[in-house]
Amino acid sequence: MRIGKLPDFFKELSEIVGRKNIVTAEKRIGFYSTGIRVGKGKASAVLFPRDLLEFWRLLKICIVYKKIIIIQAANTGLTGGSTPFGSDYDRDVVIINTLNLDKLILLEDDFQVLAFPGTTLYQLEEKLAPLNRGPHSVIGSSCIGASVIGGVCNNSGGNLVNRGPAYTELSLYARLNEDGDLELVNHLDIDLGESPEEILSNLQSNRFDADKVAKSSRLASDKEYQIRVRKIQENTPARFNSDKRRLFESSGCAGKIAVFAVRLDTFPKPKEERVFFIGSNDPNDLSILRQRILSDFDELPDMGEYMHRNYFRAAEKYCKDYFLLIKHLGTSFLPKLLTIKRNIDYFCNNISFLPNNISDRILQFLANLFPRHLPESILSIADKYEHYMLILSSGESIKEVQKLLAESGNIFLDFKYVECSDKDGKDALLHRYVAGSAPARYKLVNSSFSGDLLPLDVALPRNCSSWHEIIPDEIKSQMAYSFEMGHFLCMVFHWDFVVKKGVNKNHIKQQILNILDEHHAKYPAEHNVGHLYKAESDLADFYKSLDPTNTFNAGIGKMSKKKNYN
């Protein structure tokens, strides 16, 4: 519907942001109320605040009118946690999109940053690059355009083992207390004033000396993770979303509070990096490498990634377009491309004679016209072996990796590795970077025999040696294709299955989850529960403590969607 004669609610909203920053037409809302992989629901409006103070005022009005509030930035969540889910809510749902609030402020000689709700990891990487510093994680194609605060709210892990999952104890956020009053909590350890209006205005306008912000005793990253990941005899995972150690205010909140800003550490960029690509037909070889690295190395590699041949080949075929676009146009082009893609698909999906997701079909057709794009040094291993490990090292860990692999080459029977040139190393990393898009593209292109996508985000115990045989063959036989990849040093795996047509995805999923429970695994590991997973009791209690009235992001973790969780 269009806003003609304004009801009181919309009239008050328009007085804050203007009519053009309020979307009420059902077709246009659909763009924001549909997740990139899963999740679709009903919302009565999408609001676009232009600054932090408008964001605060919109929250207050939505609360007065008893709306459910979902806060969304780029809508890149993989488990449906940034959109409504269904239409069985007991109150109207309003989406507040924060992408306009994308300010970024450098602090403490660039050792820390302040990120606003719409600030993306791309912006952060771009801002830090000339300063020879980097953010907490390097993102993959599964979450292109992801926001910094979104990563914090979901305890996103990433693949940089030295930095751990996104975490901070320094944030500025609004919460609704038990009495229904909206409170602004300033735990940035920066003096911005007293009242909410003063605090938000001062932050928005930079009315504080960023170069003289005092150091804080609160953590702005997970400084203990390197110690934790090395404890390879422990029968618990290194990291997972419901870990009480790393649930604190904005960190892990999953949208149960409204986060206005977070303060995060940055990290020095290494002067020298080296990529090693390893192949083996015995997955136990890789387990031994992992144990040696985590037990014996003085300095851990930056990254240690596992990929099965199936995932490698699918990424080679179905992610070639992303690979070539990034290689030749750069990562900064991708958010624009994805926006164009989503708009084309949104428009074309409403035309009956056109197939859904037409942009992906066009990109896949064009990519097939190009020859094999990966370097021969990588393909010579990939074509011969089934299991791969990609190690990115810097500093002293380069020598440690070189020594370990030279020794292993004389011991392991069916094993080969290459120390990549700079060019080939970049291509290997880029191939891993884009691989996350392969399952969805595979399902789309092979829709004639493919059923539903079944993504699993799993944290296995640190002492798990049977990681490669947990899913039995009788379950795998019901898959049209199995994708297996992981942050190997952390024992965090992404198992993306496409079930065969006619197979009950939910039945298979429950079978797999039962098996994972037997192995003391935790799930999800780093993508948060969204609407796909049931929140464990610790996580559910955390959500309720943040949002006792169930006003923000009601229903996540398969919890109640009703007011006060009744």
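- Between the side chain of Asp191 and the backbone N or O of Gly193 there is at least one donor-acceptor pair closer than 3.5 Å.
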Point to revise | Test log, rule side chain to side chain donor-acceptor pair (under 3.5 Å), inputs Asp51 and Gln204 | key: CA-CA 7 Å; Asp51 58 40; Gln204 182 74 53; over 6 Å; no

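- Shortest non-hydrogen contact noted between Asn241 and Leu539 is O-CD1, 3.9 Å.
- Residues satisfying the ring-ring contact (aromatic ring centres under 6.0 Å, His included) test with Phe240, not counting sequence neighbours, are none.
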Point to revise | Derivation and outcome, side-chain contact (heavy atoms from CB on, under 4.5 Å), residues Met303 and Leu160 | key: CA-CA 5 Å; Met303 186 188 301; Leu160 297 183; 4.0 Å; yes

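- Summarising the geometry of Ala554 relative to Arg91, their closest heavy-atom pair is CB-NH2, 4.4 Å, with the distance given to 0.1 Å.
- Taking the side chain to side chain donor-acceptor pair (under 3.5 Å) definition, one finds that Gln72 meets it with Asn97, sequence neighbours left out.
- For Asn553, the side chain to side chain donor-acceptor pair (under 3.5 Å) test picks out no residue, with sequence neighbours left out.
- In this structure, the side chain of Ser44 engages the main chain of Val93 through a donor-acceptor pair within 3.5 Å.
- Looking at residues two or more places apart in sequence or on another chain, you find a ring-ring contact (aromatic ring centres under 6.0 Å, His included) between Phe48 and Tyr32.
- Between the Gln123 side chain and the Asp102 main chain, a donor and an acceptor come within less than 3.5 Å of each other.
- Under the side chain to side chain donor-acceptor pair (under 3.5 Å) test applied with Tyr225, the options Arg246, Arg230, Arg239 reduce to a single match, Arg239.
- Legend: residues meeting salt bridge (Lys or Arg N to Asp or Glu O under 4.0 Å) with Glu194, ordered by chain and number and at least two apart, are absent.
- By the 4.5 Å heavy-atom criterion applied to side chains, Glu526 and Cys490 are not counted as neighbours.
- More than 12 heavy atoms of other residues, nucleotides or ligands lie within 6.0 Å of CZ in Arg207, so this atom counts as buried by the packing criterion.
- A distance-only check finds a donor-acceptor pair linking the side chain of Arg163 to the backbone of Pro135 [under 3.5 Å].
- Scanning for side chain to side chain donor-acceptor pair (under 3.5 Å) contacts around Ser201 gives an empty result, with sequence neighbours left out.
- The pair Arg228-Glu224 does not count as a salt bridge, with every side-chain nitrogen at least 4.0 angstrom from each carboxylate oxygen.
- Considering every non-hydrogen atom in both Gly255 and Cys153, the closest pair reads N-CB, 4.5 Å.
- Taking the side chain as every heavy atom from C-beta outward, Ile96 and Ile70 never approach each other to under 4.5 Å.
- Using cut-offs of 30° and 60° for the angle between ring planes, the Tyr173 and His187 rings count as perpendicular.
- For the pair Val148 and Leu264, the minimum side-chain heavy-atom distance is below 4.5 Å.
- Contact of the Arg462 side chain with the Met491 side chain is not registered, since no non-hydrogen atoms from C-beta on lie closer than 4.5 Å.
- Qualifying ring-ring contact (aromatic ring centres under 6.0 Å, His included) partners for Trp56, counting only residues two or more places apart in sequence or in other chains: none.
- Heavy atoms of other residues, nucleotides or ligands lying less than 6.0 angstrom from CG of Asp296 number more than 12.
- Rounding to the nearest 0.5 angstrom, the gap separating the CG atom in Leu203 from the CG atom in Leu114 is 6.5 Å.
- For the ring pair (Phe, Tyr, Trp, His ring centres under 6.0 Å) condition, no pair includes a residue of residues 542-566, sequence neighbours left out.
- Rounded to the nearest 0.5 angstrom, Leu294 CG and Gln233 CD are separated by 11.0 Å.
- Taking the side chain as every heavy atom from C-beta outward, Tyr167 and Ser221 never approach each other to under 4.5 Å.
- Taking the salt bridge (Lys or Arg N to Asp or Glu O under 4.0 Å) definition, one finds that Lys67 meets it with Asp92, sequence neighbours left out.
- For the atom pair CD1 (Ile71) and NZ (Lys256), the distance works out to 11.0 Å, reported to the nearest 0.5 Å.
- Looking at residues two or more places apart in sequence or on another chain, you find a side-chain contact (heavy atoms from CB on, under 4.5 Å) between Lys558 and Lys534.
- Counting only distance, with no hydrogens or angles, the side chain of Asn463 and the backbone of Ile232 share no donor-acceptor pair below 3.5 Å.
- Residues Lys40 and Thr83 approach most closely at N-OG1, 4.3 Å, considering heavy atoms.
- Across all non-hydrogen atoms, the minimal contact from Pro301 to Ser397 is CA-OG, 3.9 Å.
- Pro461 is not listed as a side-chain neighbour of Thr236, based on a closest heavy-atom distance of 4.5 Å or more.
- Side chain of Asn186 to backbone of Leu188: a donor-acceptor contact under 3.5 angstrom is found.
- In this structure, CZ on Arg133 lies 7.5 Å from CG on Asp110, to the nearest 0.5 angstrom.
- His494 pairs by the ring-ring contact (aromatic ring centres under 6.0 Å, His included) definition with His487, His527, not counting sequence neighbours.
- Judged by distance alone, with hydrogens and angles left aside, the side-chain atoms of Asp181 form no donor-acceptor pair with the main-chain N or O of Asn177 at under 3.5 Å.
- Look at Lys563 and Asp90 and you find no salt bridge, because none of the NZ, NE, NH1 or NH2 atoms lies under 4.0 Å from a carboxylate O.
- The CG atom of Leu107 sits 14.5 Å away from the NZ atom of Lys212 when rounded to the nearest 0.5 Å.
- Proximity of Leu52 to Leu101: side-chain heavy atoms (C-beta onward) are separated by under 4.5 Å at one or more points.
- Using a 4.0 Å cut-off between charged side-chain N and carboxylate O, Asp189 and Arg263 make no salt bridge.
- Listed for the Asn564 side chain is no donor-acceptor partner under 3.5 Å among the backbone atoms of Asn566.
- A salt bridge between Arg274 and Glu272 is present, with a side-chain N of the basic residue lying under 4.0 Å from a carboxylate O of the acidic one.
- With hydrogens and angles disregarded, a donor-acceptor distance shorter than 3.5 Å links the side chain of Thr79 to the backbone of Asn528.
- Rounded to the nearest 0.5 Å, atoms CG (Leu124) and CG (Leu106) are 8.5 Å apart.
- The shortest side-chain heavy-atom distance between Glu305 and Phe488 does not fall under the 4.5 Å cut-off.
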Check your understanding: Can you check side chain to side chain donor-acceptor pair (under 3.5 Å) on Asp302 and Ser394, steps first, answer last?
Key -> CA-CA 7 Å; Asp302 300 275; Ser394 62; 2.7 Å; yes

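- Shown here are the side chain to side chain donor-acceptor pair (under 3.5 Å) partners of Glu400, two or more places apart in sequence or in another chain: there are none.
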Practice item. For the pair Asn206 and Lys103, evaluate side chain to side chain donor-acceptor pair (under 3.5 Å) and give the outcome as yes or no after the intermediate values. Key: CA-CA 10 Å; Asn206 278 41; Lys103 199 166 188 176; 2.8 Å; yes

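- Between Gly151 and Ala166, the shortest heavy-atom contact is O-CB, 3.7 Å.
- Although no hydrogens or angles enter the test, the distance criterion places a donor-acceptor pair under 3.5 Å between the side chain of Asn550 and the main chain of Ser560.
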